[in-house]
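I have placed the structure first, in the form of structure tokens, so that the comments after it can refer back to it.
Nothing fancy with the numbering, it's 1 onward along the sequence.
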Amino acid sequence: MIWQNGQMVPLPTLGGVNGSATEINNSGMVGGFAETPTADPNCPAPHKFQFKPAVWTNGAVQALSTGSDADGLVMAVNDRGDAAGSTGSCAPLNPLFLIYLNLTHVVLWRNGVAIDLGNLGQQFNNLPHGMNNLGQVVGEAGEYDANNNPTAHAFLASPGTKMQDLGVVGNDDYSFGFGINDAGEIVGLSANADFSVIRAFIRQNGALVDLNTLAGNDPFPNGTLLTACYVNSKGEITGIALDSNFQEHAYLATPVPGAAASASSVSKPVALPAWVTSRFRSAFLSRR
């Protein structure tokens with residue numbers, strides 16, 4: 001469904017029962033995924049049918065190629081009509097992103113042509129989250145750490161450019177790229193191995209900087225900025241924060257001209273309550 005002219009308007013599927021819209025651009029093109037009438041035996045109940053990455057333009061649905069993979073979805077669209085998403089096989093539901101997909105390939109579709117954006121060496125946990133109007137895509141890509149444990153790092157990729165590992169904040173184990181603007185500013189989340197430490201980041205001078213270390217008026221003293229989800233053309237960032245009582249809030253971070261980070265690019269970790277650690281850990285690790 002989309003909201004149009006003051007009312008909810010249903011979007012057609014690809015012949016199946018369900019569909020989901022994930023993002024819309026300034027021209028009204030919608031990205032997401034839609035079920036087909038083809039049964040998918042790999043899908044765990046209650047999901048039953050194959051689903052394809054889809055875009056809707058003027059209310060008409062178009063399926064996008066998944067290559068040799070059975071299923072796929074679109075996670076981001078930009079104003080030039082590009083779509084970015086993942087393809088793979090059906091999997092148990094991810095509770096955070098509400099998707100049923102083994103995240104095998106990161107794909108950008110341009111003019112209907114699928115472009116494989118590569119990986120960081122592994123075919124798991126490969127999911128884009130944001131894209132700018134230059135076709136630069138950010139997200140997460142699976143890899144193994146020094147102890148051969150599966151992990152995921154934020155990436156930057158674009159057509160014709162090898163996927164780049166953006167690293168982590170400090171000595172963290174995980175990072176996830178969520179947003180990128182046309183100036184190439186990237187924001188996201190960084191976490192340690194058990195997600196007892198979670199912090200929002202912004203990429204500065206080629207490194208991921210804990211957003212909690214940047215100078216400015218802090219609306220959450222003794223709290224923490226957990227995620228940085230979006231960054232606009234002004235450099236304004238939105239995300240999720242916890243106050244000192246561990247209550248969740250949405251926040252807007254506005255850059256201060258000439259402001260600098262503190263002496264360290266990593267803040268002192270906040271001891272997170274178990275419900276926060278459990279929720280983020282289960283959501284991000286369930287896609288392995």
Side-chain angles (χ1 to χ4, degrees), residues 22-23 75-76 94-99 125 127-130 138-142 145 151-156 166-181 185-204 207-232 234-256 259 261-262 264-288:
T22 56
E23 193 166 64
M75 292 294 290
N94 174 270
L96 182 62
F97 299 111
L98 301 179
I99 59 177
N125 271 16
L127 181 69
H129 293 290
V138 295
E140 62 191 86
D145 64 17
T151 183
H153 279 191
F155 73 78
L156 171 64
L166 299 184
V168 297
V169 172
N171 295 317
D172 286 347
D173 296 89
Y174 293 89
S175 62
F176 308 87
F178 290 152
I180 181 170
N181 62 16
E185 295 176 300
I186 298 170
V187 297
L189 173 156
S190 185
N192 67 353
D194 63 0
F195 285 76
S196 61
V197 174
I198 304 172
R199 44 196 160 206
F201 74 73
I202 183 169
R203 188 172 185 246
Q204 293 185 334
L208 304 191
V209 175
D210 185 341
L211 203 60
N212 294 279
T213 67
L214 297 185
N217 295 323
D218 186 358
F220 306 108
N222 302 316
T224 186
L225 305 180
L226 281 181
T227 71
C229 298
Y230 299 98
V231 56
N232 68 13
K234 298 178 182 179
E236 297 169 327
I237 299 167
T238 59
I240 301 170
L242 294 181
D243 64 21
S244 58
N245 295 316
F246 301 116
Q247 299 297 308
E248 284 186 296
H249 299 264
Y251 73 84
L252 170 65
T254 303
V256 178
S262 63
S264 171
S265 64
V266 183
S267 63
K268 181 180 178 180
V270 172
L272 297 175
W275 68 266
V276 175
T277 296
S278 175
R279 188 180 73 179
F280 278 81
R281 179 178 171 82
S282 64
F284 284 108
L285 300 191
S286 66
R287 299 197 300 276
R288 291 202 298 217

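Thr224 and Leu272 get closest at one heavy-atom pair: CG2-CD2, 4.2 Å. Here the shortest heavy-atom pairing between Pro269 and Arg199 reads CG-NH1, 4.3 Å. Shown here for Ala228 and Ala200, the closest heavy-atom pair between the two residues is N-CB, 3.6 Å. Between Ala154 and Gly177, the shortest heavy-atom distance links the atoms CB-N, 3.4 Å.
For the 3.5 Å distance criterion, the side chains of Glu236 and Asn232 qualify, holding a donor opposite an acceptor. Side-chain atoms of Asp172 and Ser190 include a donor-acceptor pair closer than 3.5 Å.
Distance check, rounded to the nearest 0.5 Å: CG of Asp194 to OH of Tyr174 gives 9.5 Å. With rounding to the nearest 0.5 angstrom, the CG atom of Leu242 is 6.0 Å from the CD atom of Glu248. Taking NE2 of His129 as the reference point, atom CE of Met75 lies at 6.0 Å (rounded to 0.5 Å). A distance of 4.5 Å separates CD1 of Ile186 from CG of Leu156, quoted to the nearest 0.5 Å.
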Starting from the C-alpha separation in whole Å, work towards a yes-or-no answer on side-chain contact (heavy atoms from CB on, under 4.5 Å) for Ile180 and Arg203.
CA-CA 10 Å; Ile180 181 170; Arg203 188 172 185 246; over 6 Å; no

Starting from the C-alpha separation in whole Å, work towards a yes-or-no answer on side-chain contact (heavy atoms from CB on, under 4.5 Å) for Thr213 and Ser267.
CA-CA 6 Å; Thr213 67; Ser267 63; 3.9 Å; yes

Working note: Ile237 + Phe178, criterion side-chain contact (heavy atoms from CB on, under 4.5 Å); need CA distance, chi angles, decisive distance, verdict.
CA-CA 11 Å; Ile237 299 167; Phe178 290 152; over 6 Å; no

From CA spacing to verdict: side chain to side chain donor-acceptor pair (under 3.5 Å), Gln247, Asp243:
CA-CA 6 Å; Gln247 299 297 308; Asp243 64 21; 5.7 Å; no

From CA spacing to verdict: side-chain contact (heavy atoms from CB on, under 4.5 Å), Leu189, Phe280
CA-CA 11 Å; Leu189 173 156; Phe280 278 81; 3.7 Å; yes

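In this structure, Ser175 contributes its side chain and Gly167 its backbone to a donor-acceptor pair below 3.5 Å. Between the side chain of Thr277 and the main chain of Phe195, a donor-acceptor pair closer than 3.5 Å is present. Put simply, the side chain of Arg281 gets close to the backbone of Ala193: a donor and an acceptor are under 3.5 Å apart. For Asp210 (side chain) and Asn212 (main-chain N/O), a donor-acceptor pair under 3.5 Å exists by modelled atom type.
In this view, Thr238 and Tyr230, Leu252 satisfy the side-chain contact (heavy atoms from CB on, under 4.5 Å) rule, not counting sequence neighbours.
Partner Leu211 forms a side chain to side chain contact (heavy atoms under 4.5 Å, CB included) with one of Ile202, Thr227, Leu226 and no other, that one being Ile202.
In this structure, Phe246 and Val276 have side chains that are not in contact, with every pair of non-hydrogen atoms separated by 4.5 Å or more.
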